[in-house]
Protein chains: 2
Amino acid sequence: MKRGPRVLVVEDEPAIAELIAVNLKHDGFLPVVAEDGAAAQRELNEVLPDVILLDWMLPGESGLMLARRWRADSRTRNVPILMLTARGDEPDKIAGLDAGADDYLTKPFSPREMLARIRAILRRRAPEQARERCEIGDLVLDAGTHRVTFQGQALKVGPTEFKILHFLMAHPERVHSRTQLLDRVWGDHVFIEERTVDVHMRRLRLALGAAAAHLETVRGVGYRMTATPEVTADGGGLAQQTG
Amino acid sequence: MKRGPRVLVVEDEPAIAELIAVNLKHDGFLPVVAEDGAAAQRELNEVLPDVILLDWMLPGESGLMLARRWRADSRTRNVPILMLTARGDEPDKIAGLDAGADDYLTKPFSPREMLARIRAILRRRAPEQARERCEIGDLVLDAGTHRVTFQGQALKVGPTEFKILHFLMAHPERVHSRTQLLDRVWGDHVFIEERTVDVHMRRLRLALGAAAAHLETVRGVGYRMTATPEVTADGGGLAQQTG
DNA sequence: TCCACATGTCACGAAGCCGTAACACAAGCG
DNA sequence: CGCTTGTGTTACGGCTTCGTGACATGTGGA
């Protein structure tokens with residue numbers, strides 16, 4: 001009942017499309033073929049794939065235009081795109097990257113390389129959205145319903161803050177650097193100031209209210225979600241030096 | 001002023017070189033740009049970088065030749081090389097890896113990916129600080145969660161003290177001189193008074209509390225972490241000397 | 001169009017950390 | 001004992017890091 005990653009293949013040449021689809025199926029992917037931009041758009045309206053294999057040369061709208069459009073649409077923005085291009089046109093490649101493609105594949109390519117690239121993208125982009133439900137103490141996050149509750153009470157958490165919280169709660173007790181958070185929450189393809197993470201942490205803490213005690217700052221390292229928040233009262237025999 | 005890892009950027013295209021340098025600087029690296037193999041060689045004769053970013057296509061000697069030469073030279077042999085290649089030429093990549101490149105990056109690439117690759121290389125090459133979890137008696141250090149516990153009780157340890165403790169616990173029973181500690185904890189090219197180590201040891205002992213018994217001073221040599229601390233009449237803790 | 005919300009960045013201040021000097025204490029040696 | 005060397009301890013100025021409020025921009029909906 002395990003379903004493989006969905007791959008939308010946008011390719012007008014039937015022979016190539018078939019070749020790709022067969023190889024994808026063979027490796028456990030679920031390919032859906034669209035012969036042009038319009039068909040691809042219809043497919044995207046139905047269900048979002050895990051990755052898009054986009055041919056550069058297409059009848060009607062070009063792959064470049066499509067990539068640009070999908071990157072502009074908030075719904076499809078985060079779907080990684082693997083561009084298929086004819087061999088050797090550097091300017092094309094740069095334009096494609098600008099349009100938001102995650103990687104390129106030069107035709108002709110070996111099926112093995114294609115599969116490797118797709119797996120690399122999936123590994124990079126979606127290491128694990130696996131955990132749908134996370135709990136830490138009385139704090140509960142449900143990715144399916146996109147809800148956060150603390151002691152049964154619903155909390156209002158913004159989109160970015162939700163992603164951060166999701167990641168932190170999926171990997172509790174572990175310290176995550178700002179760089180790691182940027183990579184995992186925002187994605188590797190953006191360049192954001194590390195300091196911005198701090199601001200979102202502040203917003204997350206405000207949203208969490210009392211539950212913010214579970215969110216700890218590790219000075220000089222990063223942030224951490226913990227089930228056992230530090231208490232001010234010192235329980236052990238620590239030799240505490242007073243200045 | 002904290003100094004980051006040195007990166008020698010061998011790239012003839014000024015625009016690309018500048019882009020790379022800016023991004024490296026932004027992330028705390030110290031980039032040095034060389035426009036061709038000769039300039040790179042001059043730079044290498046001066047000071048060895050922590051990693052070399054080597055463009056494949058260069059005026060004069062190609063990146064492949066340079067990589068091969070540097071790999072043959074005992075002085076530069078161990079400097080990791082990250083190769084920059086034009087997209088899509090598989091044979092080139094293989095040849096590059098044969099020549100001794102540690103990894104390659106396909107142009108065009110995102111700054112974030114470049115930084116991630118560099119960090120990955122440095123991490124891979126980095127010494128044995130790798131051990132995530134260390135135990136000595138009831139004292140446990142976990143680098144992943146950045147936590148130190150003694151008999152189950154969490155201890156509050158500052159950043160530098162944590163690094164010292166991590167190193168000592170990764171190499172227990174062994175005496176480490178102040179110089180060695182400075183090299184391993186602070187970095188090889190930092191000018192710090194050796195006496196400073198003593199002060200951090202003091203802070204570390206305060207943070208460790210009773211567990212400080214495992215941290216021994218070897219007079220005239222350095223410090224050591226031991227599983228079998230010497231038993232003293234006064235209980236082996238922090239005997240407070242009146243001052 | 002206006003409005004509400006989200007987001008990324010900056011400036012400023014507070015808190016914590018660091019390296020060093022200076023002094024106190026301990027250990028070795030004659 | 002007195003001297004020398006090595007280490008423990010404390011205080012402090014300077015610096016880094018973090019939290020916080022404010023602001024400009026972008027985005028989507030009424």
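The figures that follow rest on heavy atoms only: side chains count, while hydrogens, waters and symmetry mates do not. Predicted model, so just to flag it, every value in this text is computed and none were measured. All chains are named by letter (A, B, ...) in the order of the sequence lines, taking the proteins before the strands, and each is independently numbered beginning at 1.
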Review point. Would you call B:M225 and B:L139 a side-chain contact if the rule is heavy atoms closer than 4.5 Å?
Key: yes

Practice item. Would you mind telling me which of B:E216, B:H214, B:E173 makes a side-chain hydrogen bond (donor to acceptor under 3.5 Å, both in side chains) with B:T226? Key: B:E173

Exercise for review: Would you please indicate if the ring centroids of B:H176 and B:Y223 are separated by under 6.0 Å?
Suggested key: no

**Study point:** Pair A:E135 + A:R133: basic N to acidic O under 4.0 Å
**Key:** yes

Review point. Just how far, in rounded Å, is C1' of D:dG6 from CZ of B:R219?
Key: 4 Å

Review point. Does B:Y223 have a side-chain nitrogen or oxygen under 4.0 Å from the phosphate oxygens OP1 or OP2 of D:dG8?
Key: yes

Point to revise | Residue pair B:L53 / B:L24, side-chain heavy-atom distance below 4.5 Å | key: yes

**Study point:** Inter-axis angle, terminal five-pair segments of the helix from C:dT1-D:dA30 to C:dG30-D:dC1 [nearest 10°]
**Key:** 20°

Review point. In whole angstrom, what separates B:F162's CZ from C:dC18's P?
Key: 13 Å

**Study point:** Value in whole Å for how far the C1' atom of C:dC18 lies from CD of B:E161
**Key:** 9 Å

Review point. What nucleic acid atoms does B:G220 come within less than 4.0 Å of, heavy atoms only: base, sugar-phosphate, or nothing?
Key: sugar-phosphate

Practice item. Indicate whether OP1 or OP2 belonging to D:dT17 is found under 4.0 Å from a side-chain N or O atom of A:T217. Key: no

Review point. In whole Å, what is the span from the CG atom of B:L181 to the C1' atom of D:dT7?
Key: 15 Å

**Study point:** Spacing between A:I164 atom CD1 and C:dA6 atom C1', to the nearest angstrom
**Key:** 12 Å

Review point. Between C:dC17, D:dG6, D:dC18, which nucleotide gets closest to the side-chain atoms of A:D198?
Key: D:dC18

Which protein N or O atoms sit under 3.5 Å from an N or O of nucleotides 8-10 of chain C?
| unit_1 | atom_1 | unit_2 | atom_2 | d |
| --- | --- | --- | --- | --- |
| C:dG8 | OP1 | A:W186 | NE1 | 3.0 |
| C:dG8 | OP2 | A:W186 | NE1 | 3.3 |
| C:dG8 | OP2 | A:H200 | NE2 | 2.7 |
| C:dG8 | N7 | A:R203 | NH1 | 3.4 |
| C:dG8 | O6 | A:R203 | NH2 | 2.6 |
| C:dT9 | OP2 | A:E193 | N | 3.0 |
| C:dT9 | OP2 | A:T196 | OG1 | 2.8 |

**Study point:** Reported CG-to-CD distance for the pair B:D138 and B:Q151, which is rounded to 0.5 angstrom
**Key:** 4.5 Å

Point to revise | Nearest-angstrom distance from the residue atom CZ of A:R224 to P of D:dC18 | key: 14 Å

Check your understanding: Does any non-hydrogen side-chain atom of B:F29 lie less than 4.5 Å from one of B:N23?
Key -> no

Check your understanding: Is the shortest heavy-atom distance from the side chain of A:V148 to the side chain of A:V140 under 4.5 Å?
Key -> no

**Study point:** Length of the line joining B:L215:CG and D:dT7:P, which is rounded to integer Å
**Key:** 13 Å

Practice item. State, yes or no, whether a side-chain contact exists between A:L208 and A:F150 at a heavy-atom distance under 4.5 Å. Key: no

